[in-house]
S.K.: 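I have a structure here, written as structure tokens, and I will follow up with some questions on it.
First the proteins, then the strands, lettered A, B, ... as listed; each starts at 1. On a predicted model such as this, the values are computed, not experimentally measured, just so you know.
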Amino acid sequence: MTQIGLNHFLFVSVVLFCLGIFGIITRKNAVMVLMGIELILNSANINFIAFAKYGNFGYQGQMMALFVIILAAAEAAIALAIVLNIYKTFSTVNVDEIDTLKD
Amino acid sequence: MTIYDIIFYLFAAITVVSAFFVVTTRNIVYSAYYLLFTFFGVAGIYVLLGADFIAVVQLVVYVGGILILLLFGVMLTNRITNVQIKTGTIKIVPAAVGVALFAGILSAALLKTNWKTINTEVPISTAHTLGLLLMQQYAVVFELLGILLLIALIGAASMARK
């Protein structure tokens, strides 16, 4: 068993990213799609902080991760407002049923 | 196997297993609760990487803010009376195959890459340095993010009230 290094953290990040993609493309509920996006943002953050530690970038990676968390908070608030409006208009939040624009 | 390795594998297992349940559980409320464990595990990984302040922010913002917002979203968009809280899934098999292929490609790429790593020593506390950086080097970004959060909150409130 090798010592814990950059690859281990990157591998956790890969798994989180792929699970997030899987959640986004398979779940119907719009709130579940949002959860998938949060998983992907977390995997990106793990990458930033892992490279900040092992890549000798000082504190830039941690600052970037902080900004990503702030943007995730803003994104979640806006997205849930949109989801609530969609629910009021269509009385469903299943993303595959909201196809009014489709011909 | 040092204590560091054991803690890493513990947190990695918590993160990956609960993330797997987030995307596979049919009950969306359970998914939200599994997401709590995922965020907790990721915060532990941040601590192992020497980012203690980011870990605390992760717990406060994600668990205290975003997860509650998501739960509100679940509660407000499902008819509570005729319990329709389970959600369907579409095209599981092609999605699983594609995502597994993608994960394999990414893992192969990161294993084959010869990363030039420097193991910097873990600082005792990062909050002091990060605070100074936010007020000096990143002051403009900090102010812009404050304005962005204000705009986002006003926009979300006015959109949701209409």
Side-chain angles (χ1 to χ4, degrees), chain A residues 1 3-12 14-23 25-32 34-36 38-39 42 45-46 49-50 52-56 59 62-63 65-67 69-78 80-85 87 93-94 96, chain B residues 1 4-5 8 12 15-16 19-20 22-23 28 31 35 38 42 45-46 49-51 54 57-58 61 65-66 69-70 72-74 76-77 87-92 95-96 99 102-103 106-107 110-111 115 117-120 126 129-130 133 138 141 145 148-149 152-153 155-156 159-160 162:
Chain A
M1 191 141 315
Q3 211 201 341
I4 300 291
L6 180 61
N7 274 347
H8 292 75
F9 292 103
L10 291 186
F11 187 70
V12 173
V14 164
V15 174
L16 263 191
F17 183 82
C18 290
L19 284 173
I21 294 268
F22 182 76
I25 54 184
T26 56
R27 304 307 292 263
K28 284 181 181 176
N29 193 306
V31 182
M32 279 306 304
L34 268 182
M35 290 187 198
E38 302 298 341
L39 287 185
N42 266 296
N45 262 354
I46 293 179
I49 296 180
K53 185 185 176 205
Y54 289 103
N56 199 16
Y59 284 87
Q62 295 198 17
M63 292 306 288
L66 202 57
F67 297 151
I69 291 178
I70 296 170
L71 290 177
E75 169 254 327
I78 294 290
L80 280 167
I82 292 174
V83 167
L84 284 187
N85 270 340
Y87 183 69
V93 286
N94 286 355
D96 57 335
Chain B
M1 206 165 179
Y4 187 88
D5 298 11
F8 169 76
T15 307
V16 168
F20 179 76
V22 167
V23 294
I28 191 167
S31 290
L35 202 59
T38 309
V42 173
I45 288 175
Y46 292 165
L49 285 167
I54 308 286
V57 170
Q58 161 97 0
V61 175
I66 293 175
L69 268 179
L70 286 174
F72 262 106
V74 173
L76 290 175
T77 56
T87 70
T89 51
I90 39 171
K91 296 194 181 74
I92 274 213
V99 165
F102 186 59
L106 279 184
S107 310
L110 78 87
L111 285 178
W115 303 104
T117 57
I118 304 162
N119 202 346
T120 49
T126 58
T129 323
L130 284 179
L133 277 177
Y138 294 92
V141 189
L145 280 174
L148 178 103
L149 269 183
L153 286 183
M159 264 201 311
K162 240 182 262 166

S.K.: Roughly how far, to the nearest 0.5 Å, is the OH atom of A/Y59 from the OG1 atom of B/T129?
M.R.: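 Going from the OG1 atom of B/T129 to the OH atom of A/Y59 covers 3.5 Å.
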S.K.: In this structure, which one of B/T38, B/I66, B/L35 forms a side chain to side chain contact (heavy atoms under 4.5 Å, CB included) with A/M35?
M.R.: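 Testing each of B/T38, B/I66, B/L35 against A/M35, the sole residue satisfying side chain to side chain contact (heavy atoms under 4.5 Å, CB included) is B/L35.
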S.K.: Please classify the contact of B/V16 with chain A as side chain, backbone, both or neither, using a heavy-atom distance under 4.5 Å.
M.R.: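 Contact with chain A is through both the backbone and side chain of B/V16.
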S.K.: Which of the residues B/G73, B/G65, B/A95 is involved in the greatest number of heavy-atom pairs with chain A at under 4.5 angstrom?
M.R.: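 Ranked by contacts with chain A, first place is B/A95.
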S.K.: With respect to chain B, which residue among A/L34, A/I21, A/I46 yields the maximal number of heavy-atom pairs within a distance under 4.5 Å?
M.R.: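 The residue among A/L34, A/I21, A/I46 with the greatest pair count is A/I46.
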S.K.: Using every non-hydrogen atom in the two residues, find where B/L149 and A/A74 come nearest and quote the distance to one decimal.
M.R.: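 That closest heavy-atom pairing would be CD2-CB, 3.9 Å.
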S.K.: When only pairs under 4.5 Å are counted, which of A/V12, A/L6, A/N7, A/N42 shares the most heavy-atom pairs with chain B?
M.R.: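 Of A/V12, A/L6, A/N7, A/N42, A/N42 has the most heavy-atom pairs under 4.5 Å with chain B.
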S.K.: Given that the side chain runs from C-beta out, which part of A/L16 has a heavy atom under 4.5 Å from chain B: side chain, backbone, both or neither?
M.R.: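 Only the side chain of A/L16 comes within 4.5 Å of chain B.
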S.K.: Is there a side-chain contact between A/F11 and B/L111 in this structure, where contact means two heavy atoms from C-beta onward sitting under 4.5 Å apart?
M.R.: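 When only atoms from C-beta onward are counted, B/L111 and A/F11 do not touch, as no gap falls below 4.5 Å.
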S.K.: Over 60° means perpendicular and under 30° means parallel, so tell me whether B/F8 and A/F9 are parallel, tilted or perpendicular.
M.R.: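 Geometry flag for A/F9 against B/F8: perpendicular rings.
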S.K.: Using side-chain heavy atoms (C-beta onward) and a distance below 4.5 Å, is A/I25 in contact with B/V99?
M.R.: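 In contact.
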S.K.: For side chain to side chain contact (heavy atoms under 4.5 Å, CB included), just list the numbers for A/L71 and B/L145, CA-CA rounded to whole Å, side-chain angles, deciding distance to a tenth of an Å, and then say yes or no.
M.R.: CA-CA 8 Å; A/L71 290 177; B/L145 280 174; 3.9 Å; yes
S.K.: Would you mind checking which part of A/A30 comes under 4.5 Å of any heavy atom in chain B, side chain (CB onward), backbone (N, CA, C, O), both or neither?
M.R.: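 For A/A30, no heavy atom lies under 4.5 Å from chain B.
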S.K.: Would you indicate whether the side-chain heavy atoms of B/V57 and A/L66 approach each other to under 4.5 Å?
M.R.: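 Yes, side chains in contact.
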S.K.: Given that the side chain runs from C-beta out, which part of A/L39 has a heavy atom under 4.5 Å from chain B: side chain, backbone, both or neither?
M.R.: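 Side chain only.
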S.K.: How far does CD1 of B/I28 sit from NZ of A/K28, to the nearest 0.5 angstrom?
M.R.: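 Reported to 0.5 Å precision, the distance equals 12.5 Å.
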S.K.: Would you name the heavy atoms of A/A73 and B/V61 that are closest together and state the gap between them?
M.R.: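 Reported closest heavy-atom pair: CB-CG1, 4.0 Å.
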S.K.: Is there a side-chain contact between B/I54 and A/I49 (heavy atoms, below 4.5 Å)?
M.R.: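 Answer yes - side chains close enough.
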S.K.: Measuring only between side-chain heavy atoms, which start at C-beta, is B/V22 closer than 4.5 Å to A/L19?
M.R.: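 Counting from C-beta outward, B/V22 and A/L19 never come under 4.5 Å.
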S.K.: So do the side chains of B/F72 and A/L80 get within less than 4.5 Å of each other, counting heavy atoms only?
M.R.: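 B/F72 does not reach A/L80 side chain to side chain.
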S.K.: Please determine, among B/I45, B/L106, B/L69, the option with the most heavy-atom pairs under 4.5 Å with chain A.
M.R.: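 Going by pairs under 4.5 Å, I would pick B/L69.
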S.K.: What closest approach, in Å, do B/L49 and A/K53 show between heavy atoms, and which atom pair accounts for it?
M.R.: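 B/L49 and A/K53 have their closest heavy atoms at O-CD, 3.6 Å.
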S.K.: What option among B/A152, B/A12, B/G155 has the most heavy-atom pairs under 4.5 Å with chain A?
M.R.: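 Sorted descending by pairs with chain A, the first entry is B/A152.
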S.K.: Let me know if B/L148 has heavy atoms under 4.5 Å from chain A in its side chain, its backbone, both or neither.
M.R.: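 Side chain only.
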S.K.: Which value, rounded to the nearest 0.5 Å, describes the distance between A/I82 atom CD1 and B/M159 atom CE?
M.R.: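 Result: 4.5 Å between the selected atoms.
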S.K.: Taking all non-hydrogen atoms of both residues, which atom of A/A81 and which atom of B/A156 are closest, and how far apart?
M.R.: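 Shortest heavy-atom separation between A/A81 and B/A156 comes out as CB-O, 3.6 Å.
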S.K.: When rounded to the nearest 0.5 angstrom, what distance separates CD in A/Q62 from OG1 in B/T126?
M.R.: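 Spacing of CD (A/Q62) from OG1 (B/T126) equals 5.0 Å.
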S.K.: Which value, rounded to the nearest 0.5 Å, describes the distance between A/T26 atom OG1 and B/I92 atom CD1?
M.R.: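 The OG1 atom of A/T26 sits 5.5 Å away from the CD1 atom of B/I92.
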